[in-house]
Amino acid sequence: MWNLWLPWLLLSAVWMAAASGEDGLRPDFYGSACPNVEAIVRDAVRRKLNQTVVTVPATLRLFFHDCFVQGCDASVMIASARDDAEKDAPDNLSLAGDGFDTVIKAKQAVEAQCPGVVSCADILAIAARDVVVLVSPLFSSSLLPILGFAVVYTCLLFKSGGPKFTVELGRRDGLVSQAALVADHLPGSDFNLDRLVSLFRLNNLTASDMIALSGAHTVGFSHCHRFSSRLYAFNSTTAVDPSLNATYAKALMRACPRNVDPTIAVNMDLYTPVTFDNVYYRNLINGEGLFTSDEVLFTDIRSRPTVEQFAADQAAFFGAFSSAMLRLGRLGVKTGSQGEIRRDCTAFNN
Ligand code: HEM
Ligand SMILES: *[C@@H]1O[C@H](CO)[C@@H](O)[C@H](O)[C@H]1NC(C)=O
Ligand SMILES: *[C@@H]1O[C@H](CO)[C@@H](O)[C@H](O)[C@H]1NC(C)=O
Ligand SMILES: *[C@@H]1O[C@H](CO)[C@@H](O)[C@H](O)[C@H]1NC(C)=O
Ligand SMILES: *[C@@H]1O[C@H](CO)[C@@H](O)[C@H](O)[C@H]1NC(C)=O
Ligand SMILES: CC(=O)N[C@H]1CO[C@H](CO)[C@@H](O)[C@@H]1O
């Protein structure tokens, strides 16, 4: 694998070197104030990952939700006594607690060595990169396979994680976190291509960035209600979404019967749910994308060529994912004297 995506790494490194400085972010921002910050965060992430593999999807999704609402400023981390902060919005209620816990633990480790200098927003950005790099089926066994499909363990065991990429730093933590600001800023699982493309474009991300970032659904879970209309209520004459693979639809109905316990969740990548790979795109080609917003990337002929490319070429996916994460990480950032460096990621300093 490494030899395959090495050229992409080099390419994106060159591109990043040329691009950094924009927004005031740069990879060596803490070079003198906290030179070991990346190693400290990586160790904390590794320890958390050793406790639960849910750390991976939870942290990655937390970063996405943070950046799309008010920018990458850790506003999603704020806990409000009145339950009206960003994380209390309906869209955020399904954010798994392990993502929050990862950032809190990493922040504690960083504060012990470099008090008061590293923002929670940067720690979340580093942790979101690290979970992609560190994810390994070795951390998982009990989770496979949720839907009862056979998985070739021996093959998985020797596979490493996802792409390694450089993270730009220098973000400051935001001073605003409101549940009311979340609505309309996050995509819905029922979105069609036009809605996906226009929401990502508002966030300075291209259609191909959007397709690459959707590949994050190669890990993690979804609750049944996010896709149950595809199984039971597609339209007034047809119950099952015709773009769903029939075998997959039956398996999903077994896992998610009508009126299922709302806490039940299924793997989003049927075959390799704890490996960061391009199987997500192969699933789309087979009609095995879980959400309307996933499957539409294949059924819409405008995005299909990119799906086919990523399905055939994991290096291409890794390269596109890395550069899209870089651009995601630049959204609405506060730098210089804006915002603050939070002491406790879940509370404003004052
Ligand atoms: C393209 C539009 C997207 C839509 C419509 C979407 C929607 C969703 C939904 C509905 C869930 C399931 C939540 C639940 O029921 O628990 C989910 C999970 C997830 N999403 Fe997305 N998402 C999108 C893009 C992204 C992006 C850009 C990322 C990160 C780069 C991402 C990362 C994840 C991860 C890792 C999970 C699993 C969470 C877990 O297991 O805790 N998603 N997404
Ligand atoms: C997690 O840590 C424990 C104790 O240090 C160790 O025995 C175990 O092998 C680790 N598990 C993984 C999956 O790394
Ligand atoms: C429901 O969807 C099916 C399959 O796409 C289609 O043939 C049918 O015309 C749709 N019915 C209505 C009422 O839209
Ligand atoms: C449905 O999924 C099975 C198993 O992956 C696959 O062999 C088959 O080709 C898929 N059917 C369609 C229509 O894509
Ligand atoms: C998108 O880019 C424009 C131009 O650089 C910038 O003004 C705007 O703030 C960016 N949007 C976000 C959400 O970062
Ligand atoms: C209803 C619900 O799931 N609430 C959760 C919202 O997110 C926080 C932080 O992870 C959880 O503690 C809540 O249980």
Side-chain angles (χ1 to χ4, degrees), residues 52-68 90-100 102 125 128-129 131-132 135 143 146 149-150 162 185-193 195-197 199-200 203 205 207 209-228 230 233-251 256 262-271 273-274 276 279-280 282-299 303 321-322 324-325 327-329 331:
T52 170
V53 73
V54 176
T55 303
V56 175
T59 306
L60 194 51
R61 184 163 181 245
L62 191 61
F63 179 62
F64 171 50
H65 282 215
D66 185 36
C67 293
F68 260 45
D91 266 322
N92 265 348
L93 286 176
S94 61
L95 288 169
D98 291 305
F100 294 90
T102 301
R129 184 271 313 273
V131 292
V132 169
V135 62
L143 289 169
I146 281 201
F149 282 74
H185 285 85
L186 291 169
S189 56
D190 60 342
F191 273 23
N192 63 21
L193 191 69
R195 293 185 76 186
L196 289 168
V197 169
L199 179 61
F200 278 69
N203 287 289
L205 296 164
D209 289 332
M210 181 274 291
I211 300 167
L213 289 170
S214 295
H217 291 174
T218 182
V219 291
F221 311 94
S222 168
H223 295 89
C224 297
H225 76 93
R226 304 286 192 166
F227 54 85
S228 55
R230 299 186 73 201
F234 177 65
N235 68 19
S236 60
T237 53
T238 307
V240 184
D241 183 338
S243 69
L244 264 177
N245 183 304
T247 315
Y248 183 44
K250 286 200 190 91
C256 298
T263 63
I264 299 293
V266 304
N267 286 330
M268 294 195 293
D269 175 349
L270 191 50
Y271 300 102
V274 290
F276 198 95
V279 170
Y280 167 81
R282 295 196 219 155
N283 294 344
L284 301 184
I285 294 173
N286 274 331
E288 294 168 332
L290 188 56
F291 303 142
T292 302
S293 63
D294 294 318
E295 195 55 51
V296 76
L297 302 179
F298 178 72
T299 54
S303 43
F321 184 81
S322 300
M325 284 289 279
R327 283 193 280 279
L328 177 62
L331 289 179

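In listed order, ligands and their atoms are each counted from 1. Along the sequence shown, residues are numbered consecutively beginning with 1.
- Residue S293 has no N or O atom closer than 3.5 Å to an N or O atom of ligand 1.
- Residue-ligand proximity, P242 to ligand 3, at heavy-atom distances under 4.0 Å covers atoms 4 (C), 5 (O).
- For F63, the closest heavy-atom approach to ligand 1 does not fall below 4.0 Å.
- In this structure the side chain of L60 reaches within 4.5 angstrom of the side chain of M325, judged on heavy atoms.
- With a 4.5 Å cut-off on side-chain heavy atoms, S214 and Y280 count as touching.
- Where the criterion is an N or O separation shorter than 3.5 Å, residue side chain and backbone included, H223 meets it with respect to ligand 1.
- The atoms of ligand 1 that sit less than 4.0 Å from any heavy atom of S189 are 5 (C), 10 (C).
- To the nearest 0.5 Å, the span separating NE2 on H225 from OG on S189 amounts to 8.0 Å.
- Near F234, with a cut-off below 4.0 Å to any heavy atom, the atoms of ligand 3 are 2 (O), 5 (O).
- Taking only non-hydrogen atoms, the option from G97, P187, A58, G215 nearest to atom 4 (C) of ligand 1 is P187.
- Counting the atoms of ligand 3 from 1 in the order shown, those under 4.0 Å from a heavy atom of T237 are 1 (C), 8 (C), 10 (C), 11 (N), 12 (C), 13 (C).
- The closest heavy-atom contact to atom 29 (C) of ligand 1, among the options P57, C67, A216, comes from A216.
- Atoms CG and OG1, on N192 and T299 in that order, are 9.5 Å from each other to the nearest 0.5 Å.
- By the 3.5 Å distance cut-off applied to N or O atoms, N235 is counted among the residues near ligand 3.
- By the 3.5 Å distance cut-off applied to N or O atoms, H225 is not counted among the residues near ligand 1.
- For the pair L213 and F64, the minimum side-chain heavy-atom distance is 4.5 Å or more.
- A donor-acceptor contact shorter than 3.5 Å is absent between the side chain of T102 and the backbone of T59.
- Residue contact check for ligand 1: M268 places a non-hydrogen atom closer than 4.0 Å to it.
- Rounding to the nearest 0.5 angstrom, the gap separating the CZ atom in R230 from the OG atom in S243 is 4.5 Å.
- For F191, no heavy-atom contact with ligand 1 is shorter than 4.0 Å.
- Short contacts between ligand 1 and S222, defined as distances under 4.0 Å to a heavy atom of the residue, involve ligand atoms 12 (C), 14 (C), 15 (O).
- Annotation: side chain of D209 is not in contact with side chain of N203 (no heavy-atom distance under 4.5 Å).
- Residue F221 places at least one N or O, backbone or side chain, under 3.5 Å from an N or O of ligand 1.
- Counting the atoms of ligand 3 from 1 in the order shown, those under 4.0 Å from a heavy atom of S236 are 13 (C).
- Set against the non-hydrogen atoms of L196, the atoms of ligand 1 under 4.0 Å away are 1 (C), 2 (C).
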In a simple table, one pair per line, please give the protein and ligand 4 atom names for every N or O pair closer than 3.5 Å, along with the distance.
from: ligand 4; atom 1: 2 (O); to: N245; atom 2: OD1; distance (Å): 3.4
from: ligand 4; atom 1: 2 (O); to: N245; atom 2: ND2; distance (Å): 2.3
from: ligand 4; atom 1: 2 (O); to: E288; atom 2: OE2; distance (Å): 3.2
from: ligand 4; atom 1: 5 (O); to: Y271; atom 2: OH; distance (Å): 3.3
from: ligand 4; atom 1: 5 (O); to: E288; atom 2: OE2; distance (Å): 3.1
from: ligand 4; atom 1: 11 (N); to: N245; atom 2: ND2; distance (Å): 2.9
from: ligand 4; atom 1: 14 (O); to: N286; atom 2: O; distance (Å): 3.3

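- Close contacts between ligand 1 and S214 involve ligand atoms 1 (C) [criterion: under 4.0 Å to a heavy atom].
- By the 4.5 Å heavy-atom criterion applied to side chains, D241 and F227 are not counted as neighbours.
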Do L270 and Y248 pass the side chain to side chain contact (heavy atoms under 4.5 Å, CB included) test, and can you show the C-alpha distance, the side-chain angles, and the key distance before you say yes or no? CA-CA 9 Å; L270 191 50; Y248 183 44; 3.5 Å; yes
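- The shortest distance between side-chain heavy atoms of F276 and V131 does not fall below 4.5 Å.
- In this structure, S303 contributes its side chain and L297 its backbone to a donor-acceptor pair below 3.5 Å.
- Side chains of F221 and V266 form no contact here, defined as non-hydrogen atoms less than 4.5 Å apart.
- Taking CG from L284 and CG from N245, the interatomic distance works out to 12.0 Å, rounded to the nearest 0.5 Å.
- Ring geometry for F291 versus H217: interplanar angle over 60°, hence perpendicular rather than tilted (30 to 60°).
- Ligand 1 places these atoms under 4.0 Å from at least one heavy atom of G220: 37 (C), 40 (O).
- With a heavy-atom cut-off of 4.0 Å, V54 does not touch ligand 1 at all.
- The two residues L244 and G289 come nearest to each other via the heavy atoms CD2-O, 4.1 Å.
- When H217, H65, R195, M210 are ranked by how near their heavy atoms come to atom 21 (Fe) of ligand 1, first place goes to H217.
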